[in-house]
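As the structure is a computational prediction, the values presented were derived from the model and not from experiment. Computed from heavy atoms alone, side chains included, the values below leave out hydrogens, waters and symmetry copies. Each chain gets a letter, A, B and so on, in the order the sequences are listed, and its residues count up from 1.
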Amino acid sequence: MKHLRDDDLQLYLDRRLRDREKIDHLRHCPLCQERLDAYEAVFTGLRQAPQWTPAPDLQDRVLQKITQNPAESMYQKLMQVLVIIGLFIGALSISLPYLHTAQYVDSIKQMQAPKLTPDFSIWERLNFLPSLKALAGAFDFNYSMLVIAAAVLLVVALADHLIGLARSRTAPQR
Amino acid sequence: MNPNDDKRLIDSILGGEQADFAIVIERYQRLVAYLVARMIPKVADRDDLCQDIFIKVYRHLGEFQFRSKFSTWIATIAHNTCVNYLEKKRVSLYEDLQVADEDEASHGMEWIPSGDRSPLDRVEAHELRVTLEREIERIPLPYREILALFHLEEMSYEEIGTIMNLPEGTVKSYLFRARRFLRDRLLALYQMEAV
């Protein structure tokens, strides 16, 4: 009989080889036995592979999320949005004078802005944000108030996050 | 796991006993961890993914129809969550594994033994495991996943096919190719060392 194919050797180790003739050959053929041994080493290694285990607090974190009040969850999402808005406006106001695009320079000129220099005060930078100005105009609202509101919300959201963090650290573990 | 146990547990959670979900996590976190570890190379992201998977299981618990085992359903959610994560990270999911065609070999076996003991017999078990683990990390994703589900969770081809949305024949073919690839790699490494 011909030597067993690799698939047959794997089937044998999976205990799925049903062909008696092949099983008999395997028992009496040293070459096939040696090939089987090599596969056996792989199979044993696969069963004993070192495993990664999740952090021990997985259960607590999942239960905390699923037992959370939907209103509380909405509040947390709102806080996250406020942080993002606050950070976006802050980053824009700081970086704007350095973005020397033609469109921006034109808009500055049209508004007769002070000279564009890095020592431009933050307040002045904010006052020449054309998109915010347009937005404020549309709502008949002093757009500087928007920036102040965003900054206040950012502070509130960060404070809320820090309080939540402190609470979770002091909460008893399940 | 007894399906009746799972049914009682699910009914209890759906009935409002949220705390019973801890038992689901306890029972199936090993399965989820096996899959996540095999599919996600970045260790720092694995804990968050495990958390997301169990939250999805909880949110969709009412949709489980008992047409498959609960473990298969959970593993399917784990698989899909990991695939979505990898797609977002633009990781290639469909690489192939190059294994020599067995029929091309003259004797129906591409590796011809010396008639002596297998070179792998001479390697210390711990060293072999470490080498094997390194080699598993090198093989494409679907092969790694199938190896974990078959050898660590002892799932059938059918169950693995359901989880990965693959035909049973493909699961079997991938499994055999992956094991053959690993055997060839180990033999090549240790035969070379012996020379």
Value for CD (A:Q64) from CD (B:Q51), rounded to nearest 0.5 Å, stands at 8.5 Å

Any link between A:I84 and A:L162 through a network of hydrophobic side chains (Ile, Leu, Val, Met, Phe, Trp, Tyr) touching at under 4.5 Å?
no

Please step through side chain to side chain contact (heavy atoms under 4.5 Å, CB included) for the pair B:D52 and A:K65, ending with a clear verdict.
CA-CA 10 Å; B:D52 289 351; A:K65 287 264 182 194; over 6 Å; no

What are the two closest heavy atoms between A:L58 and B:D47, and how far apart are they?
CD1-O, 4.4 Å

Between OG1 of A:T44 and CG of B:L132, what distance do you get to the nearest 0.5 Å?
10.0 Å

Rounded to the nearest 0.5 Å, what separates atom CZ in B:R180 from atom OH in A:Y39?
5.5 Å

Taking B:L14 as the starting point, is it possible to reach B:F64 by hopping between hydrophobic residues whose side chains are less than 4.5 Å apart?
yes

Which atoms of B:Y58 come close to chain A, meaning under 4.5 Å heavy atom to heavy atom: side chain ones, backbone ones, both, or neither?
side chain

Just to verify, which of B:L147, B:L182, B:L187 counts as forming a side chain to side chain contact (heavy atoms under 4.5 Å, CB included) with A:V42?
B:L182

Output the option from B:E135, B:R38, B:R46 having the highest count of non-hydrogen pairs under 4.5 Å with chain A.
B:R46

In sequence, state the C-alpha distance, the side-chain angles, and the governing distance for A:L46 and B:I136, and then conclude on side chain to side chain contact (heavy atoms under 4.5 Å, CB included).
CA-CA 9 Å; A:L46 285 170; B:I136 291 171; 3.6 Å; yes

Nearest non-hydrogen partners of B:Q29 and A:P54, listed with the distance
OE1-CG, 4.4 Å

Counting only N and O atoms by type, is there a donor-acceptor contact under 3.5 Å from the side chain of B:Q18 to the main-chain atoms of A:I66?
yes

State whether A:D14 and B:R179 are salt-bridged, where the test is any N-O pair (Lys NZ or Arg NE/NH1/NH2 against Asp/Glu carboxylate O) under 4.0 Å.
yes

Given heavy-atom pairs under 4.5 angstrom as the criterion, report whether the side chain, backbone, both or neither of B:R30 touches chain A.
neither

Rounded distance [0.5 Å steps], CG in A:D37 versus CZ in B:R183
11.5 Å

Consider only side-chain heavy atoms of I, L, V, M, F, W and Y, link residues closer than 4.5 Å, and tell whether B:V130 and B:V43 are in one cluster.
no

Is the count of non-hydrogen atoms from other residues, nucleotides or ligands lying under 6.0 Å from B:K56 atom NZ greater than 12?
yes

With a 4.5 Å heavy-atom cut-off, do A:W52 and B:C50 have their side chains touching?
yes

Gap between atom CZ of A:R47 and atom CD of B:E154 - 0.5 Å precision
8.5 Å

From the list B:H151, B:R129, B:E133, side chain to side chain donor-acceptor pair (under 3.5 Å) with A:Q48 holds only for B:R129

With clusters defined by side-chain heavy atoms of hydrophobic residues (ILVMFWY) lying less than 4.5 Å apart, directly or transitively, does B:L149 cluster with B:L152?
no

If I measure from the heavy atoms of chain B, does A:L9 come under 4.5 Å with its side chain, its backbone, both, or neither?
neither

What one should report as the nearest heavy-atom pair of B:F21 and A:L63 is CB-CD2, 4.1 Å

Side chain from CB out, backbone as N, CA, C, O: work out which of these in B:Y34 comes under 4.5 Å of a heavy atom of chain A, or both, or neither.
both

Charged tip of A:R16 within 45° of B:Y157 ring normal and under 6.0 Å:
yes

